[in-house]
Participant: 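First the structure, which I've put down as structure tokens, then a few questions once you've had a look.
All residue numbers refer to positions in the sequence shown, counting from 1.
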Amino acid sequence: MKQIWLVLLVLLLAGCGIEPSGPAAGGEAPTGVAPGATLYFVDAQHHLQPQLRSTGHLGTIAEATSLLLTGPGGSELRTEIASTTVTTVGVDTEPGVIKLLVPLTIHDFTPLGIDQLVCTALGVHVQSGGPRATKAQVRFTLPTPESDRLRTCPLIT
């Protein structure tokens, strides 16, 4: 019996061999929980402004970009994208690139309008847990060299 107590005493004194340490880094905060999608529109000073569109959930990139094409609603913000009755945006994701197929030509967008689309898509992507380094490629209905360009959002770093 003495030997058992001696072995137990040695084990207790030795511990489990793991030394105490400080808290471990947990990475970035959780993402994906949202009352809706953040869409980007333009204010009177020609700056992009986020507008939360309440949908009850974050949704997908396709859903958010389709909502963007419906316009800013009754707010003081405006859009730099021509109005259209077709609001479906095709989305194809590859590692590092989101390809957006829009139902408009490049002539239906100002440069700020393209930023609206790119920021909306990348915003949903990042909020869903995707990497911030991802770029967007906007494919227009008529061929243009602009469709090959990889874009970032000036507001998402």
Side-chain angles (χ1 to χ4, degrees), residues 18-157:
I18 298 175
E19 294 187 25
S21 65
E28 292 188 30
T31 58
V33 179
T38 301
L39 313 178
Y40 288 85
F41 292 102
V42 181
D43 66 16
Q45 290 75 37
H46 304 288
H47 296 109
L48 289 178
Q49 294 295 326
Q51 180 191 67
L52 179 65
R53 189 68 59 92
S54 294
T55 59
H57 66 288
L58 178 59
T60 65
I61 295 169
E63 291 169 336
T65 53
S66 291
L67 282 172
L68 178 73
L69 294 183
T70 65
S75 74
E76 70 282 355
L77 301 174
R78 62 181 166 62
T79 186
E80 295 277 320
I81 303 169
S83 105
T84 180
T85 57
V86 179
T87 60
T88 302
V89 176
V91 177
D92 183 28
T93 57
E94 297 176 3
V97 179
I98 298 169
K99 295 180 180 181
L100 305 166
L101 178 59
V102 294
L104 300 163
T105 70
I106 192 164
H107 304 294
D108 295 316
F109 289 83
T110 67
L112 201 52
I114 293 172
D115 284 345
Q116 284 180 249
L117 181 69
V118 168
C119 289
T120 297
L122 292 177
V124 170
H125 174 72
V126 169
Q127 195 169 359
S128 297
R132 291 182 182 275
T134 300
K135 301 199 186 292
Q137 191 175 46
V138 182
R139 300 288 184 149
F140 302 96
T141 55
L142 296 177
T144 173
E146 287 295 310
S147 288
D148 297 327
R149 189 167 160 209
L150 296 178
R151 302 170 186 275
T152 59
C153 174
L155 302 179
I156 299 174
T157 55

Participant: Looking at side-chain heavy atoms only, is the closest gap between F140 and E146 below 4.5 Å?
Facilitator: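 Yes. Closest side-chain heavy atoms under 4.5 Å.
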
Participant: Going by distance alone, is a donor N or O of one side chain under 3.5 Å from an acceptor N or O of the other, for Q51 and T38?
Facilitator: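 Result is no, nothing qualifies.
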
Participant: Are H57 and P35 close enough that some pair of their side-chain heavy atoms sits under 4.5 Å apart?
Facilitator: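 The answer is no, as the side chains (C-beta and beyond) never meet within the 4.5 Å cut-off.
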
Participant: What pair of heavy atoms forms the shortest contact from V102 to V89, and how long is it?
Facilitator: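 Shortest heavy-atom contact: CG1-CG1, 4.3 Å.
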
Participant: Roughly how far apart are L117 CG and C153 SG, rounded to 0.5 Å?
Facilitator: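 Answer for the CG-SG pair, L117 versus C153, is 10.5 Å.
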
Participant: Is it true that a side-chain atom of T79 and a backbone atom of I81 form a donor plus acceptor pair closer than 3.5 Å?
Facilitator: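 Yes, because the side chain of T79 sits within donor-acceptor range (under 3.5 Å) of the backbone of I81.
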
Participant: Nearest heavy-atom pair of A37 and L58: which atoms, and what distance?
Facilitator: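 Looks like CB-O, 3.8 Å.
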
Participant: Given the rule in the side-chain contact (heavy atoms from CB on, under 4.5 Å) test, do F41 and L48 qualify, once you have shown the distances and angles that lead to the verdict?
Facilitator: CA-CA 6 Å; F41 292 102; L48 289 178; over 6 Å; no

Participant: Is there a donor-acceptor pair under 3.5 Å between the side chain of T110 and the backbone N or O of G113?
Facilitator: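 Present.
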
Participant: Say you draw a straight line from CG of L52 to CG of L39; how long is it, rounded to the nearest 0.5 Å?
Facilitator: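 The distance works out to 8.0 Å.
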
Participant: Quick check: closest heavy atoms across V126 and P131, and the distance to 0.1 Å?
Facilitator: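 The pair with the smallest heavy-atom distance is CG2-O, 4.1 Å.
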
Participant: Quick one: pull up NE2 in H125 and OG1 in T134 and give me the separation to the nearest 0.5 Å.
Facilitator: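 H125 NE2 to T134 OG1: 3.0 Å, rounded to 0.5 Å.
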
Participant: Checking K135 against I98 for the side-chain contact (heavy atoms from CB on, under 4.5 Å) test, could you report, in this order, the C-alpha distance in whole Å, the side-chain angles of both residues, the deciding distance, and whether it holds?
Facilitator: CA-CA 6 Å; K135 301 199 186 292; I98 298 169; over 6 Å; no

Participant: Please answer whether the main-chain N or O of E80 pairs with a side-chain N or O of Q116 as donor and acceptor at a distance below 3.5 Å.
Facilitator: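 Here the side-chain-to-backbone pair exists.
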
Participant: The criterion is side chain to side chain contact (heavy atoms under 4.5 Å, CB included); which residues satisfy it with T70, sequence neighbours excluded?
Facilitator: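 Side chain to side chain contact (heavy atoms under 4.5 Å, CB included) list for T70, sorted by chain: R53, T87.
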
Participant: How about Y40 and L155: do any of their side-chain heavy atoms sit closer than 4.5 Å?
Facilitator: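 SC-SC contact between Y40 and L155 confirmed.
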
Participant: Could you please spell out the steps behind the side-chain contact (heavy atoms from CB on, under 4.5 Å) verdict for V118 and L122?
Facilitator: CA-CA 6 Å; V118 168; L122 292 177; 3.7 Å; yes

Participant: Taking the side chain as everything from C-beta on, heavy atoms only, tell me whether C119 gets closer than 4.5 Å to P50.
Facilitator: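 SC-SC contact between C119 and P50 ruled out.
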
Participant: Might you point out which heavy atoms bring T141 and P103 nearest each other, and give the distance in Å?
Facilitator: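 Heavy atoms only, the tightest pair is CG2-C, 3.6 Å.
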
Participant: Counting distance only, does the side-chain N/O of S147 pair as donor-acceptor with the main-chain N or O of P143 below 3.5 Å?
Facilitator: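 No; judged by distance alone, with no hydrogens or angles, the pair does not exist.
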
Participant: Are side-chain heavy atoms of D108 and T105 found at a separation under 4.5 Å?
Facilitator: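 Sidechains of T105 and D108: in contact.
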
Participant: With side chains defined as the heavy atoms from C-beta onward, is the minimum distance between T60 and V91 less than 4.5 Å?
Facilitator: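 Not touching, per the 4.5 Å side-chain cut-off.
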
Participant: Quick one: list whatever passes side chain to side chain contact (heavy atoms under 4.5 Å, CB included) with L101, sequence neighbours left out.
Facilitator: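 So L101 forms a side chain to side chain contact (heavy atoms under 4.5 Å, CB included) with R139.
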
Participant: Could you please spell out the steps behind the side-chain contact (heavy atoms from CB on, under 4.5 Å) verdict for H46 and R78?
Facilitator: CA-CA 9 Å; H46 304 288; R78 62 181 166 62; 2.7 Å; yes

Participant: Are the side chains of L142 and I106 in touch, meaning some heavy atoms are under 4.5 Å apart?
Facilitator: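 Not touching, per the 4.5 Å side-chain cut-off.
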
Participant: With sequence neighbours left out, which residue pairs that include part of residues 81-95 fulfil the salt bridge (charged side-chain N to carboxylate O under 4.0 Å, His left out) condition?
Facilitator: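 Non-adjacent pairs meeting salt bridge (charged side-chain N to carboxylate O under 4.0 Å, His left out): E94-K99.
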
Participant: Should V97 and L150 count as side-chain neighbours, where that means a heavy-atom distance under 4.5 Å?
Facilitator: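 A side-chain contact exists here, since the closest heavy-atom pair is under 4.5 Å.
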
